[in-house]
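Note that ligands are numbered from 1 as they come in the structure, with each ligand's atoms numbered from 1 the same way. Count residues from 1 along the sequence.
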Amino acid sequence: MPHVAFIGLGRMGHGMAGRYLDAGFTLAVWNRSRSKADDLIARGARWAASPADAARDADAVVTMVADDAASHAVWTGKDSIIETARKGAFAIECSTVSHRHAMDMARDLTTRGLRYIDCPVTGLPDAAASGKLTLLVGADASDLDAARPFLAPLGTTLRHFGVAGAGTVFKLINNLMGAVQIASLAEGLRIAEQAGLDMQLVQQSLASGAVASPQVVRHSARMVARDFAGASFTAALRHKDASYALALAENLGLDLAVARAALDIYARATAEIPDDDEGRLIDLIKAAPAN
Ligand code: NAP
């Protein structure tokens, strides 16, 4: 039976790890906070004492952690994957990391004999738990072909953008554009509220009109109702992604005014409501008191 080590059992990673059990893989798990692994252990996963312990004997190591710092810690920090992963194993990084970090990891892990698959994803936690993510891959084509059995439990759609790092480039573009759309939607809705429009009619019109992207459809309903039950993507994560995207743009010599404005809005949201659903940034747009 193929043996997978899964590191990072947050909102996304927990469901993704469960997919390997559903598919009959042998699974070792590690998370910084152990309690998130309890039900996976009850279902047959082995609890590992560290990322290094999890990676021992694994055919593929899959990580889904918050950011560059977390990715660095689990792959190459103390008691990390690199200490025990066997040569030829797949190193599948699903976390959204910066392009610079993805390139550094690809170089360092490949040098140590691992096969690096840059694999950020799109889809919410429910898609993660049901294996319906879209996988945005950057990898050597032959490595990707060999890795497909380890990717199949996670997603229904796989897009191969090119060499390692190319999946992350696309993911950062995607999430930067999401930041711009959601910030702009919040501003549009606040104009409508201040002007006294019928907000149900505004929401229906936006969700069926020319600006009805999936982000606008989903967030307009939540923002108008101020119903953010079950936070799935936090202000802090979106800010992280937008800042990584801007760093990439700067490295490419691009100056992006709209992206910078969205980043500022998310920086404020992260300072005030870091762990709230990102849709709550509508409440940060206050009207000036009347004179
Ligand atoms: P989350 O629920 O906040 O989980 C973050 C995970 O990272 C947890 O397992 C956390 O451990 C771990 N972690 C954080 N800092 C760490 C460190 N220094 N060392 C080791 N582990 C650390 O976030 P999420 O929503 O699952 O997102 C995970 C990744 O997926 C992020 O890169 C995010 O951008 C990306 N993503 C999220 C979504 C979404 O809809 N949520 C969609 C697509 C992609 P603890 O449990 O101990 O805190």
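- Counting the atoms of ligand 1 from 1 in the order shown, those under 4.0 Å from a heavy atom of G8 are 9 (O).
- What sits closest to atom 43 (C) of ligand 1 on the protein, heavy atoms only, is V121 O, 3.5 Å.
- Under a 4.0 Å criterion applied to the non-hydrogen atoms of L9, ligand 1 contributes the atoms 9 (O).
- Looking at E187 and R190, no side-chain N of the basic residue comes within less than 4.0 Å of a carboxylate O on the acidic one, giving no salt bridge.
- Only the side chain of L237 comes within contact range of ligand 1, with a heavy atom under 4.0 Å; no backbone atom does.
- Open room surrounds CZ on R112; 12 or fewer heavy atoms of other groups in view lie less than 6.0 Å from it.
- Near P125, with a cut-off below 4.0 Å to any heavy atom, the atoms of ligand 1 are 40 (O).
- In this structure, a donor-acceptor pair under 3.5 Å is present between the side chains of S95 and E93.
- For ligand 1, the atoms sitting less than 4.0 Å from at least one non-hydrogen atom of G123 are 40 (O), 42 (C), 43 (C), numbered in the order shown with element in parentheses.
- No side-chain N or O of D275 forms a donor-acceptor pair with one of T234 less than 3.5 Å apart.
- Contacts of V65 with ligand 1, taken as heavy-atom pairs under 4.0 Å, involve both backbone and side chain.
- The only member of D140, L144, D145 that meets side-chain contact (heavy atoms from CB on, under 4.5 Å) when paired with S142 is D140.
- For the residues H14, R238, M64, K240, the heavy atom positioned nearest atom 36 (N) of ligand 1 is part of M64.
- In summary, D59 and R86 engage in a salt bridge, as defined by a charged side-chain N under 4.0 Å from a carboxylate O.
- Shown in contact with K171 at under 4.0 Å from a heavy atom are these atoms of ligand 1, numbered in order with element: 43 (C), 44 (C).
- In this structure, A69 has no heavy atom closer than 4.0 Å to ligand 1.
- Remark: D22 engages R43 in a salt bridge, criterion side-chain N to carboxylate O under 4.0 Å.
- Put simply, no part of G77 is less than 4.0 Å from ligand 1, judged by heavy atoms.
- Shown in contact with S232 at under 4.0 Å from a heavy atom are these atoms of ligand 1, numbered in order with element: 39 (C), 40 (O), 41 (N).
- Partners of F170 under the ring pair (Phe, Tyr, Trp, His ring centres under 6.0 Å) rule, at least two apart in sequence or in another chain, are F161.
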